[in-house]
Amino acid sequence: MASLGRDRDLPVEELHHRVVAWFDREARDLPWRRDPRPWPVLVSELMLQQTPVVRVLPVFEAWMERWPTPADLAAAPSGDAVRAWGRLGYPRRALRLHAAAVAITEHHGGEVPGTYDELIELPGVGDYTAAAVASFAFGGRHAVLDTNVRRVLVRVLEGEQYPAKGVTAAERRLANDVLPVTGAERWAAATMELGAVVCTARSPRCGACPVADLCRWRALGHPEHDGPARRGQPWAGTDRQVRGRLLAVLRDADGPVPRPVLESVWDDAVQRERCLDSLVADGLVDPLTDDLFALPT
DNA sequence: AACCCGTGGCA
DNA sequence: TTGCCAAGGGT
């Protein structure tokens with residue numbers, strides 16, 4: 001595998017070597033890397049889904065101290081997980097991590113399973129997370145297609161600014177084609193780190209990039225993404241905002257919360273009730289009575 | 001496939 | 001200030 005295809009003379013082995021060497025030199029010292037056991041890696045990956053590293057760090061440390069094994073978390077009320085999740089966002093992830101801990105305890109003897117096929121069956125574990133845990137904790141060989149890796153690959157190899165919205169078959173094929181035969185897990189971690197700290201979405205630091213001279217996007221003069229703009233997610237006034245406020249009250253309370261306290265966080269009664277109902281349906285809120293609510297036990 | 005799901009920092 | 005973005009997953 002000396003090059004990538006007839007219209008691409010990129011030296012893949014040189015690309016591997018430079019990115020991994022850069023990673024060995026520059027990688028951030030993160031706790032789930034320093035101690036890449038399966039459980040810490042799984043916990044970190046769930047927390048890092050759509051949440052930046054700096055915000056995850058303190059929550060991760062407290063979480064691992066409190067629940068050092070899957071069985072420890074499985075034995076706790078799911079509401080404790082929701083509360084410990086704090087303000088990481090998307091609190092259903094806390095519920096899924098708790099459910100994953102229960103499944104690991106009940107079906108895997110308390111040990112995080114090591115294959116992609118087993119991992120992806122766990123709640124909250126999709127393609128990315130299964131590949132990441134199988135790679136980082138077990139040394140597996142998988143294309144780890146997170147937003148960072150996808151951006152690095154599309155820029156260096158395809159000469160485009162941003163990857164498509166969803167992972168395409170061609171993209172997956174390309175990622176597998178450039179996957180090293182050995183050391184794939186280091187390649188995965190290194191490309192992810194490169195995307196996170198150098199080849200960033202907004203202001204790429206090409207001057208600090210170990211493969212700038214191999215990068216097709218740079219060679220083309222950094223052409224901007226053409227096609228329809230990616231529409232951002234609305235926020236103000238959405239159900240997500242209302243759910244966030246409701247759950248924040250329950251998280252910050254010591255015990256059950258009376259209905260009037262929850263009603264005080266949002267004026268629109270229809271939307272408020274819809275959101276409260278959806279939180280109950282999700283298992284994030286336990287309606288003890290018609291007028292008293294708590295995090296689940 | 002498109003939409004929903006939190007939160008906070010930064011340019 | 002406001003839009004964009006962050007180690008995605010579930011339906």
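Below, read A as the first sequence line, B as the second, and so on, with proteins coming before strands; counting in each chain starts at 1.
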* Nearest-nucleotide wise, let me know which of A/V53 and A/I120 is further upstream toward the 5' end of DNA chain C. => A/V53
* Whole-Å C1' distance, B/dG6 and C/dC5 -> 13 Å
* Going by an N to O cut-off under 4.0 Å, is there a salt bridge joining A/R93 and A/E45? -> no
* With A/R28 via salt bridge (Lys or Arg N to Asp or Glu O under 4.0 Å) - residues at least two apart -> A/E193
* Looking at every strand, decide which applies to A/V125 at a 4.0 Å heavy-atom threshold: base, sugar-phosphate, or nothing. => sugar-phosphate
* **Side-chain-base donor-acceptor pair under 3.5 Å for A/T51 and B/dG8** => no
* Pairwise C1' distance, B/dA1 and C/dG10 [rounded to whole Å] -> 13 Å
* Just call it for A/R240: base, sugar-phosphate, or nothing, with non-hydrogen atoms closer than 4.0 Å on any strand. => base
* Under 4.0 angstrom, heavy atoms only, what part of the nucleic acid is A/L88 near: base, sugar-phosphate, or nothing? -> base
* To do: Tell me what A/D282 touches on the nucleic acid: a base, only sugar-phosphate, or nothing, going by heavy atoms under 4.0 Å.
  => nothing
* To do: Verify the contact: side-chain N or O of A/R243 to OP1 or OP2 of B/dG6, cut-off strictly under 4.0 Å; return yes or no.
  => yes
* **Heavy atoms from other residues, nucleotides or ligands near NE2 of A/H222 exceed 12 (cutoff 6.0 Å)** => yes
* Asked: If the C1' atom of B/dT7 is compared with that of C/dT11, how far apart are they to the nearest Å?
  -> 23 Å
* **P atoms of B/dC4 and C/dA7, separation to the nearest Å** => 23 Å
* Asked: Across the strands shown, which category fits A/P91 at heavy-atom distances under 4.0 angstrom: base, sugar-phosphate, nothing?
  -> sugar-phosphate
* Asked: A/G126 near the nucleic acid: base, sugar-phosphate alone, or nothing, with a heavy-atom cut-off under 4.0 Å?
  -> sugar-phosphate
* To do: Kindly say if A/Q49 contacts the phosphate of C/dG8, meaning a side-chain N or O under 4.0 Å from OP1 or OP2.
  => no
* **Close side-chain approach of A/F293 and A/L246, heavy atoms under 4.5 Å** => no
* A/R92 side chain N/O closer than 4.0 Å to the phosphate oxygens (OP1, OP2) of B/dT7? -> no
* Base, sugar-phosphate, or nothing: which does A/L30 touch, judged by heavy atoms less than 4.0 Å apart? -> base
* Take atom CZ of A/R55 and atom P of C/dG8, then tell me their distance rounded to the nearest Å. => 13 Å
* Asked: Would you say the side chain of A/R202 and the base of C/dC4 hold a donor-acceptor pair, judged only by whether the two atoms sit under 3.5 Å apart?
  -> yes
* **Whole-Å C1' distance, B/dG8 and C/dT1** => 16 Å
* To do: Using a 4.0 Å heavy-atom cut-off across all strands, classify A/W85 as base, sugar-phosphate, or nothing.
  => nothing
* Got A/Y162 and A/R155 here, is their nearest side-chain heavy-atom distance under 4.5 Å? -> yes
* Would you kindly compare A/T129 and A/A201 by the position of their nearest DNA chain C nucleotide and give the one closer to the 5′ end? => A/A201
* Within the structure shown, what part of the strands sits under 4.0 Å from A/T147 by heavy-atom distance: base, sugar-phosphate, or nothing? -> sugar-phosphate
* Ion pair present between A/D290 and A/R259, side-chain N to carboxylate O less than 4.0 angstrom? -> no
* How would you label the contact of A/R96 with the nucleic acid (heavy atoms, under 4.0 Å): base, sugar-phosphate, or nothing? -> sugar-phosphate
* Given B/dC4, C/dA7, B/dT7, the nucleotide with the shortest approach to the side chain of A/R151 -> C/dA7
* Sugar-phosphate only, base, or nothing, as touched by A/Y162 at under 4.0 Å among non-hydrogen atoms -> sugar-phosphate
* To do: Can you tell me, in whole Å, how much space there is between the C1' of B/dG9 and that of C/dG9?
  => 24 Å
